[in-house]
Trainee: 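Structure below; questions to follow.
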Amino acid sequence: MAMDRARRRRHRHPMSAAARSSAFLTLWSAVVVVAAVAPTVAAAGFSCRGGARPVVFNFGDSNSDTGGMAAAMGWRIRRPEGRAFFHHPTGRFCDGRLTIDFLCESLNIGYLSPYLKALGSDYSNGANFAIAGSATLPRDTLFSLHIQVKQFLFFRDRSLELISQGLPGPVDAEGFRNALYMIDIGQNDVNALLSYLSYDQVVARFPPILDEIKDAIQTLYDNGSRNFWVHGTGALGCLPQKLSIPRKNDSDLDSNGCLKTYNRAAVTFNAALGSLCDQLSTQMKDATIVYTDLFPLKYDLIVNRTKYGFDKPLMTCCGYGGPPYNYNITIGCQDKNASVCDDGSKFVSWDGVHLTEAANAIVAKGILSSDYSRPKIKFDQFCKV
């Protein structure tokens, strides 16, 4: 299509590093100004038809992958994954429910089926395109955000084709138009950059990542989507995976034992992402774009650990190596040599990268409060006439 050709031409001639840095500084300087005029009420299109069940489409990485990677790669994931709620592995990298599962529960709809799960799926209330390990860049690799959006367009076109032939389709045209489109991606991009670049160099690489998220929202909007919910990244410096990396000294640790450089990068990325969402809101007058900052939510799990009943906020429940982090990059939770805690509700981290069900429940509650969102719209507002 013409739009795809235009995007390919644009990426053949990437913006220079200097220009990208300048663009990011311009975006960063707009954060305070744009936030001051950010929308505070829902747009006219932020609703679904009366009596209809909510429809949700999700794009992201392992934080919201409900089994997509397991289905795509044919992985035979074993217990203890899923032990806390489902009582069997579901393809989620967690002992139970993810944050997105709790959000679906709040809408009284079923958990989102992975787009690539061939058997046992129900797409009547949407689909999940999130895949573990996904990032925004490179854009044409499996399973980047760009590819996930293309998968959605295929799913939509096929659904509408079936309906036009008088056959049952999971979602009709109005369902697609009024659905909520969630985007929760970027953590893997930022983490990868921090593994070999300085903080300033990492920040200078943010513009291409933001470009991909902008392109995804714009593409969905151009194809009729009007309700968007975008999540920022979490407290990367508090992940046992990062904390277990050998370091010369502890000078980069904050008072809570987290890496300051990783968290600083996460905060900076979220500020730029929030500003981008505000800018898109001013351009897309008939759409509602809600940005939710997950950093303070997830960092609070560490800061106020006793409030939530967490005994070991920086140690994995399922891992290898023992205190202080119980994480070994070569021995994951599925390894026969891994050890598993007795009570996951006492831990923030399940496997060094992903949260436990107990932590996910708290994050979901924070999202549902709308205290961390801009504009402050309740999560279920998109389906209220």
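Note that the numbering runs from 1 along the sequence shown for the chain. Source: prediction; values computed, not measured.
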Trainee: Please answer whether the main-chain N or O of A361 pairs with a side-chain N or O of R97 as donor and acceptor at a distance below 3.5 Å.
Mentor: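 No, the answer is negative, given that no donor and acceptor are paired below the 3.5 Å cut-off.
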Trainee: Kindly indicate, with the supporting measurements, whether the criterion side-chain contact (heavy atoms from CB on, under 4.5 Å) is fulfilled by V56 and Y181.
Mentor: CA-CA 6 Å; V56 177; Y181 295 81; over 6 Å; no
Trainee: Taking the two cysteines C318 and C333, do their sulfur (SG) atoms come closer than 2.5 angstrom to each other?
Mentor: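 Yes, because the SG atoms of C333 and C318 sit under 2.5 Å apart, which meets the disulfide cut-off.
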Trainee: Tell me whether the rings of Y308 and F310 are parallel (<30°), tilted (30 to 60°) or perpendicular (>60°).
Mentor: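 Because their plane-to-plane angle lies in the 30° to 60° range, the rings of Y308 and F310 count as tilted.
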Trainee: Does the structure place the NZ or CZ of R92 under 6.0 Å from the centre of the six-membered ring of Y111, at an angle of no more than 45° from the ring's axis?
Mentor: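 The answer is yes, since R92 meets both limits relative to Y111.
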Trainee: Can you tell if the side chain of L294 reaches within under 4.5 Å of the side chain of I367, non-hydrogen atoms only?
Mentor: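 Sidechains of I367 and L294: in contact.
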Trainee: Going by distance alone, is a donor N or O of one side chain under 3.5 Å from an acceptor N or O of the other, for N326 and T316?
Mentor: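 Yes, a side-chain donor-acceptor pair sits under 3.5 Å.
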Trainee: For residues W229 and F102: do they belong to one hydrophobic cluster (side chain heavy atoms under 4.5 Å, members Ile, Leu, Val, Met, Phe, Trp, Tyr)?
Mentor: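 Shared cluster, no.
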Trainee: Are Q187 and D61 linked by a side-chain donor-acceptor pair shorter than 3.5 Å?
Mentor: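 Looking only at side-chain atoms, D61 and Q187 do not form any donor-acceptor pair under 3.5 Å.
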Trainee: Okay, side chain of T268, backbone of R264: is any donor-acceptor separation there less than 3.5 Å?
Mentor: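 Between the backbone of R264 and the side chain of T268 there is a qualifying donor-acceptor contact (under 3.5 Å).
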Trainee: Evaluate ring pair (Phe, Tyr, Trp, His ring centres under 6.0 Å) for Y123 paired with F155, printing each intermediate quantity in order.
Mentor: CA-CA 10 Å; Y123 301 115; F155 176 91; 5.5 Å; yes
Trainee: So, for E161 and R158, which heavy atoms are closest and what is the spacing to 0.1 Å?
Mentor: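 Reported closest heavy-atom pair: OE1-NH1, 3.0 Å.
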Trainee: Which pair of non-hydrogen atoms, one from D65 and one from A132, has the smallest distance, and what is that distance?
Mentor: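 The pair with the smallest heavy-atom distance is OD2-N, 2.9 Å.
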Trainee: Are the side chains of L193 and Q201 in contact, using a 4.5 Å heavy-atom criterion?
Mentor: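 Q201 vs L193: side chains apart.
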Trainee: For side-chain contact (heavy atoms from CB on, under 4.5 Å), just list the numbers for R305 and K312, CA-CA rounded to whole Å, side-chain angles, deciding distance to a tenth of an Å, and then say yes or no.
Mentor: CA-CA 8 Å; R305 49 192 174 273; K312 299 176 176 64; over 6 Å; no
Trainee: Within the 3.5 Å criterion, strictly below it, is a donor on H354 or S349 matched to an acceptor on the partner's side chain?
Mentor: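 No pair is found: no donor N or O on one side chain lies under 3.5 Å from an acceptor on the other.
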Trainee: Would a single hydrophobic cluster contain both Y262 and V353, if residues Ile, Leu, Val, Met, Phe, Trp and Tyr are joined by side-chain heavy-atom contacts under 4.5 Å?
Mentor: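 No, V353 does not connect to Y262 through the hydrophobic network.
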Trainee: Step by step, work out the side-chain contact (heavy atoms from CB on, under 4.5 Å) result for C258 and I302.
Mentor: CA-CA 9 Å; C258 299; I302 311 299; 4.0 Å; yes
Trainee: Please check if the side chain of N270 supplies one atom and the backbone of V267 the other of a donor-acceptor pair under 3.5 Å.
Mentor: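 Absent.
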Trainee: Are side-chain N/O atoms of T136 and D189 paired as donor and acceptor at under 3.5 Å?
Mentor: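 Indeed, the side chains of T136 and D189 share at least one donor-acceptor pair under 3.5 Å.
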Trainee: Flag the pair D252 and R247 as a salt bridge only when some basic side-chain nitrogen lies within less than 4.0 angstrom of an acidic carboxylate oxygen.
Mentor: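 No.
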Trainee: Is there a side-chain contact between H88 and R79 (heavy atoms, below 4.5 Å)?
Mentor: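 No, every pair of side-chain atoms sits at 4.5 Å or beyond.
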Trainee: Are F85 and F347 grouped together when hydrophobic residues (ILVMFWY) are joined by side-chain heavy atoms under 4.5 angstrom apart?
Mentor: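 No, F85 and F347 fall in different hydrophobic clusters.
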Trainee: Using side-chain hydrogen bond (donor to acceptor under 3.5 Å, both in side chains), reason through D286 and Y221 one step at a time and then give a plain yes or no.
Mentor: CA-CA 10 Å; D286 60 338; Y221 177 83; 2.6 Å; yes
Trainee: Is the backbone N or O of D211 less than 3.5 Å from a side-chain atom of D215, with the two atoms forming a donor-acceptor pair by type?
Mentor: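 No, the answer is negative, given that no donor and acceptor are paired below the 3.5 Å cut-off.
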Trainee: Are more than 12 heavy atoms from other residues, nucleotides or ligands located less than 6.0 Å from atom CG of L253?
Mentor: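 Yes, enclosed.
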Trainee: Under the ring pair (Phe, Tyr, Trp, His ring centres under 6.0 Å) rule, what do F57 and F152 come out as? Steps first, then yes or no, please.
Mentor: CA-CA 8 Å; F57 294 102; F152 162 76; 5.0 Å; yes
Trainee: Should I245 and L243 be regarded as members of a common hydrophobic cluster, given that ILVMFWY residues are connected when their side-chain heavy atoms come within less than 4.5 Å of each other, either directly or indirectly?
Mentor: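 Cluster IDs for I245 and L243 match.
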Trainee: Any chance CZ of R83 has more than 12 other-residue heavy atoms, nucleotides or ligands included, within less than 6.0 Å?
Mentor: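 Enclosed.
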Trainee: Does D293 pair with R374 as a salt bridge, N-O distance under 4.0 Å?
Mentor: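 So D293 does not pair with R374 through a salt bridge.
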Trainee: Heavy atoms only: give me the nearest A359-L301 pair and the separation to one decimal.
Mentor: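 So the two residues come closest at CB-CD1, 4.0 Å.
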Trainee: Test side-chain contact (heavy atoms from CB on, under 4.5 Å) on C277 and L280; report intermediate values, then the result.
Mentor: CA-CA 5 Å; C277 290; L280 290 174; 5.7 Å; no
Trainee: May I have the step-by-step check of side-chain hydrogen bond (donor to acceptor under 3.5 Å, both in side chains) for S64 and D184, ending in yes or no?
Mentor: CA-CA 7 Å; S64 59; D184 186 351; 4.8 Å; no
Trainee: Under a 3.5 Å distance rule, please check whether D172 uses its side chain to pair with a backbone N or O of G175 as donor and acceptor.
Mentor: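 Yes, because the side chain of D172 sits within donor-acceptor range (under 3.5 Å) of the backbone of G175.
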Trainee: Would you mind reporting whether V149 and F129 have side-chain heavy atoms less than 4.5 Å apart?
Mentor: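 Sidechains of V149 and F129: no contact.
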Trainee: Please check this pair: side chain of S373 against backbone of P375, looking for a donor-acceptor N/O pair closer than 3.5 Å.
Mentor: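 Answer holds: no.
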Trainee: Judged by atom type as modelled, is there a donor-acceptor pair below 3.5 Å linking the side chain of D380 to the main-chain atoms of L107?
Mentor: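 Pair absent, no side-chain N/O of D380 close to backbone of L107.
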Trainee: Are Y115 and F59 near enough that their ring centres are under 6.0 Å apart?
Mentor: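 No.
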Trainee: Counting distance only, does the side-chain N/O of S369 pair as donor-acceptor with the main-chain N or O of G366 below 3.5 Å?
Mentor: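 Yes; at least one donor-acceptor contact below 3.5 Å.
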Trainee: So, the side chain of S225 versus the backbone of L220: is there a donor-acceptor pair under 3.5 Å, distance only?
Mentor: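 Side chain of S225 to backbone of L220, a donor-acceptor pair under 3.5 Å: yes, one is there.
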Trainee: Have S198 and D200 got a donor and an acceptor in their side chains that come within less than 3.5 Å?
Mentor: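 No, no side-chain donor-acceptor contact under 3.5 Å.
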Trainee: For the CD1 atom of I213 and the NE2 atom of H146, what is their distance to the nearest 0.5 Å?
Mentor: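 If we round to the nearest 0.5 Å, I213:CD1 and H146:NE2 are 14.5 Å apart.
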Trainee: Is any side-chain heavy atom of Q241 closer than 4.5 Å to one of Y325?
Mentor: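 Y325 vs Q241: side chains apart.
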Trainee: Could you check N108, L112, V171 and say which one makes a side-chain contact (heavy atoms from CB on, under 4.5 Å) with N125?
Mentor: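 By the side-chain contact (heavy atoms from CB on, under 4.5 Å) criterion, N125 pairs with just one of N108, L112, V171: L112.
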Trainee: Evaluate the side-chain proximity of V340 to C317: yes if any heavy-atom separation is below 4.5 Å, no if none is.
Mentor: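 The answer is yes, as the side chains (C-beta and beyond) meet within the 4.5 Å cut-off.
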Trainee: Above 12 or not: heavy atoms from other molecules or residues under 6.0 Å from NZ of K260?
Mentor: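 Counting other residues, nucleotides and ligands, NZ of K260 exceeds 12 neighbours.
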Trainee: Between D254 and N256, is there a side-chain donor-acceptor contact under 3.5 Å, judged purely by atom types and distance?
Mentor: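 D254 and N256 do not have a side-chain donor-acceptor pair below 3.5 Å.
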Trainee: Can N223 and R156 be counted as having a side-chain donor-acceptor contact under 3.5 angstrom?
Mentor: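 Per modelled atom types, N223 and R156 side chains form a pair under 3.5 Å.
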Trainee: Kindly work out whether a path of hydrophobic side-chain contacts (I/L/V/M/F/W/Y, heavy atoms less than 4.5 Å apart) joins L236 to V230.
Mentor: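 Per the 4.5 Å side-chain linkage, L236 and V230 are co-clustered.
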Trainee: Heavy-atom count around Y320 OH within 6.0 Å, excluding the residue itself: above 12?
Mentor: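 No.
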Trainee: Quick check: closest heavy atoms across L276 and L210, and the distance to 0.1 Å?
Mentor: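 Closest approach of L276 to L210, heavy atoms only: CD2-O, 3.6 Å.
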Trainee: Verify whether one side chain among W350 and E357 offers a donor that lies under 3.5 Å from an acceptor in the other.
Mentor: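 There is no such pair (donor and acceptor under 3.5 Å, judged by atom type) between the side chains of W350 and E357.
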Trainee: So does D342 have more than 12 non-hydrogen atoms from other groups sitting under 6.0 Å from CG?
Mentor: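 Incorrect, the count does not exceed 12.
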Trainee: Testing the basics here: between I109 and R53, what is the closest heavy-atom pair and its distance to 0.1 Å?
Mentor: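 Looks like CA-NH2, 3.5 Å.
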Trainee: With no hydrogens and no angle check, do the side chains of N128 and T66 hold a donor and an acceptor under 3.5 Å apart?
Mentor: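 There is such a pair between these side chains.
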Trainee: Would you check if C341 and K346 make a side-chain contact, meaning some heavy-atom pair closer than 4.5 Å?
Mentor: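 Of all side-chain heavy-atom pairs linking K346 with C341, none is under 4.5 Å.
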Trainee: Write down the atom of A338, the atom of I331, and the distance for their closest heavy-atom approach.
Mentor: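 So the two residues come closest at N-CG2, 4.2 Å.
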Trainee: Side chains of P54 and F382: does their closest heavy-atom pair fall under 4.5 Å?
Mentor: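 Touching, per the 4.5 Å side-chain cut-off.
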Trainee: Quick check against the 3.5 Å criterion: does S159 have a side-chain atom that pairs as donor or acceptor with the backbone of P170?
Mentor: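 Absent.
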